[in-house]
Amino acid sequence: MSAPPPVWMGSVVAVLILSIMVAMGAKKTSFPYTIALVIVGLFAGWTGEFWMPEDIELSGLLTAEMIFYILLPPLLFEGASGMHIDKLKQNWKPISLLAIPGVVINTTIIGIICWKLVWADVENGMWYGLLLGSILAATDPVSVLALVKTLGAPKRLSVLIEGESLFNDGTAVVLFNILLFTTLAVLSGLDLSVISLIKAGLSEFLWVVLVGAVAGSLCGLFASWILGQSDDHLVEISITLALAFGAFLMAENMGGSGVISVVVAGLLVGNKGIKEGMTPTARIGMHHFWEVFCFLINCALFLLIGYELISVFSWDAHVVYLASVGIGAALIARLVIFPLTTLANIGNPNPVSTRWQVAMWWGGLRGSIPIALLLLVSHVVHHPPEFEFLGEMVTGGQITVYEDMLIIAFSVVLFSLLVQGLTMKAMLRRLGISGSPADAEVRYEVALAEVIGSRAALRRLSALNTQGLISDDDQSTFAEPYRARVRESQETIVELSEANIVHATRVERARRELIMAQIEALHDAERSGNISSAVSITALAGLNKALGESEFIQEEIQDASRTEEEIDTIVEGEVSEVLIPESTESIVGQSQEKSEEE
């Protein structure tokens, strides 16, 4: 007789099966699968008692520990490792302004609105409002990353939205911890001065962020070095997995921000370790591994979010009022996007346009992070902690408005996922900053892809023949379809190059390649001592500025030529099957026919 399965195993398997089925259906209809999972989770919460087996229990699976230590690290790592660090450098002004002062301003606005409209007559209502504001201030990286991948938005806009969500999340979690312990100290009766609170909060914030950044840097650099010592793709993929969880855990144990640690580690490994230290086989395998792993996590997470959300609402007048206040406060606070990005535009050759500001305002989704923070508050409510605060031992007081906070926060999460998430793509199209590239541009890229792929195959065939691994006849048989495809595709490229959009795109792309070649050459010259650092810095400053301007021009060209037609429809039928090598049966059959003729 085998051992009985764990009590939670049936529920976990049920979540995975249901979420995968929903995601498969959503992908076939081009519906955002994360939003579909939330809707199905809501439906399961409403009607699950009538059709779900009794031994399947989904409530309680989504805990704060589960979100922070199991689900969040790999999702953050996957998003950060895929982000080009040069893109972040070029957009550091708007991202940093939104990630730090933006979160503080959001917290303050949401806190004041909820305090005045909900808890004006409640003792310590201001602290309750600020605590709730810190929960709702930041956009959720999990929700934002999942949505951005399905939007087809311009690359720079994706960098701005993703970069903000990755970094402001760390800021918000740090701010939440500071406000949580401050609120508990105030509720316990501790007499606090404003100056002491500001000093303590600022020092704590700087320490947590610094420790998180240092921990992430150390883990990322060490992992990059380890990757360079291995040529086993299984070991290399395992290293990235261990890094995602290890960087988070290390920072948290050191008193720092695990979120910031994972993001920094992911950026370092993604831009250094993976590119320089991993074998091509490992890179391909790693991409597939993280794609599947994060897909499964997202599936389970968003289904459970929908299931947990429905347990809060009773749909009476009080709930509707709280939901309206919370949603309104979140949208109003999010308007800080406009002044902060306008400030970042000063002296910036590539300003963030008003249309993009609107997209960033509406794209500020909330999801798993607010739920995790609320679950932490729930734990504090049921188990008041003892802690040291400003040199004194404090027993946390009772947060009496937790139910109201829960309703407001869950309402904002539900609104952002369903309303904002479902309308984001339509809004981008309405603003003219989304859609598929022009037909001529797509056909040009398809022809270019066929030339690149065919020439790579021909080079490899020549190498195999030189090494004696394939005969001259077999090489000729394999090569002929590729040579034909190169000729046909080159003719297509010449024809399409006369189109205005393709010509402009090619010229600007060539300019960018020239600029990057000069930047690389100057770096090499400085390292070899041929030019001084002073000369290099001056020359590179102008080239980096020109590179940013070139990318801005490229985005404008592409935006001006976007079409409403889906890119899958345009590409369908364009990509040739000649890229696929001849079958073994075909090659062997032709060899046998030649032998018989001889």
Side-chain angles (χ1 to χ4, degrees), residues 16 19-20 23-24 26-27 32-34 70-88 141-155 158-159 161-163 165-166 216 219-248 262-302 445-446 448-450 452-453 456-457 460 567-568 571 575 579-581:
L16 286 175
S19 57
I20 290 171
M24 288 173 61
K27 283 183 176 291
Y33 79 93
T34 52
I70 303 298
L71 303 180
L72 189 58
L75 295 174
L76 289 174
F77 179 84
E78 195 253 354
S81 63
M83 186 171 289
H84 204 295
I85 201 165
D86 289 336
K87 302 284 187 184
L88 283 178
V142 177
S143 306
V144 170
L145 289 170
L147 179 66
V148 165
K149 290 179 180 179
T150 67
L151 290 179
K155 289 183 179 180
S158 297
V159 169
I161 295 176
E162 292 179 26
S165 68
L166 285 171
C219 290
L221 292 173
F222 180 69
S224 297
W225 179 78
I226 291 291
L227 288 172
Q229 309 305 307
S230 172
D231 57 2
D232 187 325
H233 68 282
L234 295 178
V235 172
E236 292 168 340
I237 294 171
S238 301
I239 290 170
T240 63
L241 182 62
L243 176 63
F245 292 102
F248 191 95
V262 173
V263 171
V264 171
L267 283 170
L268 286 173
V269 168
N271 288 272
K272 181 177 174 62
I274 292 175
K275 291 183 178 179
E276 299 176 6
M278 293 186 78
T279 60
T281 302
R283 284 198 293 270
I284 295 171
M286 190 201 74
H287 172 74
H288 291 317
F289 168 80
W290 280 103
E291 190 174 33
V292 172
F293 189 42
C294 291
F295 170 74
L296 292 175
I297 292 177
N298 271 324
C299 284
L301 177 60
F302 283 95
E445 289 187 7
V446 169
L448 186 61
E450 292 182 341
I452 293 171
R460 186 58 181 161
I567 191 169
D568 291 343
V571 174
V575 179
L579 287 177
I580 303 172

Peer 1: Using side-chain heavy atoms (C-beta onward) and a distance below 4.5 Å, is Ile297 in contact with Pro74?
Peer 2: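 Counting from C-beta outward, Ile297 and Pro74 do come under 4.5 Å.
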Peer 1: Locate the shortest heavy-atom distance separating Glu236 from Ser230; write the atom from each residue and the value.
Peer 2: OE2-O, 2.6 Å
Peer 1: Considering non-hydrogen atoms only, spot the tightest contact between Pro73 and Ala244 and give its length.
Peer 2: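 Pro73 and Ala244 have their closest heavy atoms at CB-O, 3.5 Å.
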Peer 1: Where do Met83 and Leu166 come nearest, in terms of heavy atoms and distance?
Peer 2: CE-CD1, 3.8 Å
Peer 1: What pair of heavy atoms forms the shortest contact from Ala247 to Cys219, and how long is it?
Peer 2: CA-SG, 3.9 Å
Peer 1: Could you measure the distance from the OG atom of Ser238 to the CD1 atom of Ile226? Nearest 0.5 Å is fine.
Peer 2: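 Reported value, rounded in 0.5 Å steps: 13.0 Å.
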Peer 1: Looking at residues at least two apart in the chain, or sitting in another chain, which of them share a side chain to side chain contact (heavy atoms under 4.5 Å, CB included) with Leu241?
Peer 2: Phe245, Phe289, Trp290, Phe293
Peer 1: Could you tell me whether the side chain of Val269 reaches within less than 4.5 Å of the side chain of Ser81, counting heavy atoms only?
Peer 2: no
Peer 1: Can you name the nearest heavy-atom pair linking Leu243 to Ala223, along with the distance?
Peer 2: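 Smallest interatomic distance, heavy atoms only, reads CD2-CB, 3.8 Å.
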Peer 1: For the atom pair CD1 (Ile239) and CG (Leu234), what is the distance rounded to the nearest 0.5 Å?
Peer 2: 11.0 Å
Peer 1: Using side chain to side chain contact (heavy atoms under 4.5 Å, CB included) as the criterion, list what pairs up with Leu268, not counting sequence neighbours.
Peer 2: Ser217, Leu221, Val264
Peer 1: Grab the two heavy atoms, one from Ile237 and one from Thr240, that are nearest each other, plus how far apart they are.
Peer 2: O-OG1, 2.6 Å
